[in-house]
There are 2 protein chains.
Amino acid sequence: MAGIKEIAKITGLSLATVSRVFNESHLVSPKTREKVLRAAEELDYQPNIMAAALRSGKSKILGVIVPEVNNFFFSGIINGIEKIVSDSGYNIIISQSHESQEKENEALNSFLKLKVEGILISISKETTDFSLVQKILDSKVPVIFFDRVPNLEHINSVTLDDHRGAILATEHLIDQGCRNLVHIAGDPKVSIFDKRRKGFIDAILKSRHKNIKYSIIELNADVQNDIGILQKTFDANSNIDGVFAFGDEIGLHALNLLKTLDVSVPEQVKLIAFGNADFTNLTEPKISTIDQECSQMGELAANLAIKNLQDKNINPQTKVLLPRLIVRDSTS
Amino acid sequence: MAGIKEIAKITGLSLATVSRVFNESHLVSPKTREKVLRAAEELDYQPNIMAAALRSGKSKILGVIVPEVNNFFFSGIINGIEKIVSDSGYNIIISQSHESQEKENEALNSFLKLKVEGILISISKETTDFSLVQKILDSKVPVIFFDRVPNLEHINSVTLDDHRGAILATEHLIDQGCRNLVHIAGDPKVSIFDKRRKGFIDAILKSRHKNIKYSIIELNADVQNDIGILQKTFDANSNIDGVFAFGDEIGLHALNLLKTLDVSVPEQVKLIAFGNADFTNLTEPKISTIDQECSQMGELAANLAIKNLQDKNINPQTKVLLPRLIVRDSTS
DNA sequence: ATGAAAGCGCTAACAA
DNA sequence: TTGTTAGCGCTTTCAT
């Protein structure tokens, strides 16, 4: 595998000229450029990124950290990032925190050693200590936070309006005629789940229909226990006709429980979930849900990162994406 | 962020000695080592991997290519790889081929530019031209193939015994009393799908029960069309009592179709799939399936890679993992 | 056990 | 438009 030295030798040009062809090739005459390119082709030249990085101080690498890669949401984001970054000359390297602060920090340190030029990260559920992140921010390596954002000042972030998403879902149920709603809620300590719960309530309070009843329950994907909870909820209010689940997995779980209880969806009860995971399209009936625009989130985050690389003095930006209602068979 | 130069200055030692502490530290007196380590701590020393890589020719990076990261199987493999590699001093970088030969080659080229020391790859469904892979093999960069393996001589590979997995699944259906089987088959051009198809047939041929009927169909997750195919298959043989799907997604799809046709699972028809994706545990009924030992596959592949890095003249190895039958509600 | 010095492949002043 | 040259931060012979 040849380097620019061989090309220089073959073409009779200097190292600098050859280098320029691959960088600021406008400073080189077309004829020379041609010659170099041909030689490069012939010798199967592969630029040595390490050497370029060392010399220029630019690694051309962006680091991405997500809690888990096996997750339609995060992998969708990664795809969005790839889409933007792919033809920018940057490479991306992906690490998983597995929801562990320790692994997250390991990944960040490993990024620093690799001299990544920018970091895109969705922080783990467990992370409470942001000192390393703060240190990186101070060191002027651009950091873009997405979805799960720490409570820090002056940071770049791309998030989804979860409150708005819950309102969309709840209003949709109401529009479909539901007047006795149940929200299957997530752990309120996770801020996005709490926002979805609030959105559910706010949508009902703000509705022009004043006769809407609702209750809020928590399920745990434990069939025996959950079926009891659901049964009890239905016993307490036999007219329940709409369910909004805070996530797709739990929505599918609820759908299965409803079938077990011989409740037909959507005829007797309409069901909507949150996330637009791929399997919501594979169930019977297909589950209505809220799309999180994950690809767009990745694209925005990547664009922000690239902007920050181009202009070091840019002000931190906060982008909030609007979720999208996906109507499928479970509500219509 | 300090370098070894600063450490050398502070400690009054030479660059060489400091460098040795971080590499072959046994060649350094304990006292000196202590001093260097303390100074490193104090200065928050971060080794510059780029520089080390450039000089030593060792990047300490392994490249991993999978078709898709949002896939229970491949992300399980990645986790297995991470587990082994994490405390070996190597970094891993992950790329997705999205089942495209072009993207796969882009990823490989980008790995070569980054001077990765080894490559772990599961080739895309679309890949038919192995010239780049062959070129890499010739260049002595170790390549470990896993799961989807090209038909080349003398390569390192870790695969699952798909034929055996299909036999396990089919025998399980027969053991449960099924005598009229249907196999939902995948594209036979993908060798693992073809092996599953053959395993299905072989299990029936080798069974001590001589009265087993079977048919083989293909579905495409297109509800309208697939329901017709399934209906026709049932019409042709109304006694169908067992279905073996080549994958979990299509198995779930079939489960839904069966429900639509008012066929109860497992009472009338028993259903088993292949893959042990997480959602097979979330359906109603839960789907019996074949586990692919993905984490173990990743671990074996990573170990093979590391072995190849340590000893360049090692002979290529072929590891075949045994799949595991997971019995759930859909067959019992 | 430690040090001096060369150089990995490339970029970027500066010079021509 | 092209060439000369001095490093980027580290590893690694070869001395000592």
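Computed over heavy atoms, backbone and side chain alike; hydrogens, waters and symmetry mates excluded. The sequence lines fix the lettering, A, B, ..., with proteins before strands; numbering per chain opens at 1.
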Kindly list each side-chain donor-acceptor pair under 3.5 angstrom involving residues 35-51 of chain A, sequence neighbours excluded, with atom names and distances?
residue: A:Asp44; atom: OD2; partner: B:Lys135; partner atom: NZ; Å: 2.9
residue: A:Asn48; atom: OD1; partner: A:Met50; partner atom: N; Å: 2.9
residue: A:Asn48; atom: OD1; partner: A:Ala51; partner atom: N; Å: 3.0

* Are B:Ile10 and B:Ile7 side-chain neighbours, meaning at least one heavy-atom pair lies under 4.5 Å? -> no
* **More than 12 heavy atoms from other groups under 6.0 Å of NZ on A:Lys103** => no
* **Difference in axis direction between the ends of the helix from C:dA1-D:dT16 to C:dA16-D:dT1, five pairs, 10°** => 30°
* Stretch residues 29-42 of chain A: residues that reach within less than 4.0 Å of DNA chain D through a heavy atom -> A:Ser29, A:Thr32
* To do: Starting at atom NZ of B:Lys60, determine the distance to atom P of C:dC8, rounded to an integer number of angstrom.
  => 21 Å
* Structure fact -> Rounded to whole Å, CG of A:Leu43 lies from P of C:dG9 at a distance of 14 Å
Using a 3.5 Å cut-off and no angle test, enumerate the donor-acceptor pairs between side-chain atoms of residues 121-130 of chain A and protein atoms at least two apart in sequence or in another chain.
residue: A:Ser122; atom: OG; partner: A:Phe146; partner atom: O; Å: 3.0
residue: A:Ser122; atom: OG; partner: A:Arg148; partner atom: N; Å: 3.4
residue: A:Ser124; atom: OG; partner: A:Glu126; partner atom: N; Å: 3.1
residue: A:Ser124; atom: OG; partner: A:Thr127; partner atom: N; Å: 3.2
residue: A:Ser124; atom: OG; partner: A:Thr127; partner atom: OG1; Å: 2.8
residue: A:Glu126; atom: OE1; partner: A:Gln101; partner atom: N; Å: 2.7
residue: A:Thr127; atom: OG1; partner: A:Glu104; partner atom: OE1; Å: 3.4
residue: A:Thr127; atom: OG1; partner: A:Glu104; partner atom: OE2; Å: 2.7
residue: A:Asp129; atom: OD1; partner: A:Ser131; partner atom: N; Å: 2.9
residue: A:Asp129; atom: OD1; partner: A:Ser131; partner atom: OG; Å: 2.8
residue: A:Asp129; atom: OD2; partner: A:Ser131; partner atom: OG; Å: 3.3

* Asked: Taking CG from B:Leu27 and P from C:dG3, how many angstroms apart are they, rounded to a whole number?
  -> 14 Å
* Minimum heavy-atom distance B:Met297-B:Thr159, with the two atoms named -> CE-C, 3.7 Å
* Structure fact -> When every non-hydrogen atom of B:Gly118 is compared with those of B:Val141, the smallest separation belongs to CA-CG1, 4.1 Å
* May I ask you to decide whether A:Lys83 forms a salt bridge with A:Glu299, counting only side-chain N to carboxylate O separations under 4.0 Å? => yes
* Taking NZ from B:Lys115 and C1' from C:dC10, how many angstroms apart are they, rounded to a whole number? -> 11 Å
* **Heavy-atom pair with the smallest gap, counting every atom of B:Glu68 and B:Phe74** => O-CB, 3.4 Å
* **Flag, side chain of B:Thr32 to backbone of B:Val28, donor-acceptor distance under 3.5 Å** => no
* Sequence-aligned protein contact record of nucleotides 9-16 of chain D, with B where the base is within under 4.0 Å of a protein heavy atom and S where only the sugar-phosphate is -> BBBB----
For residues 308-316 of chain A, tabulate all N or O donor-acceptor pairs below 3.5 Å that involve a side-chain atom, not counting sequence neighbours.
residue: A:Asn308; atom: ND2; partner: A:Leu304; partner atom: O; Å: 2.8
residue: A:Asp311; atom: OD1; partner: A:Asn313; partner atom: N; Å: 2.9

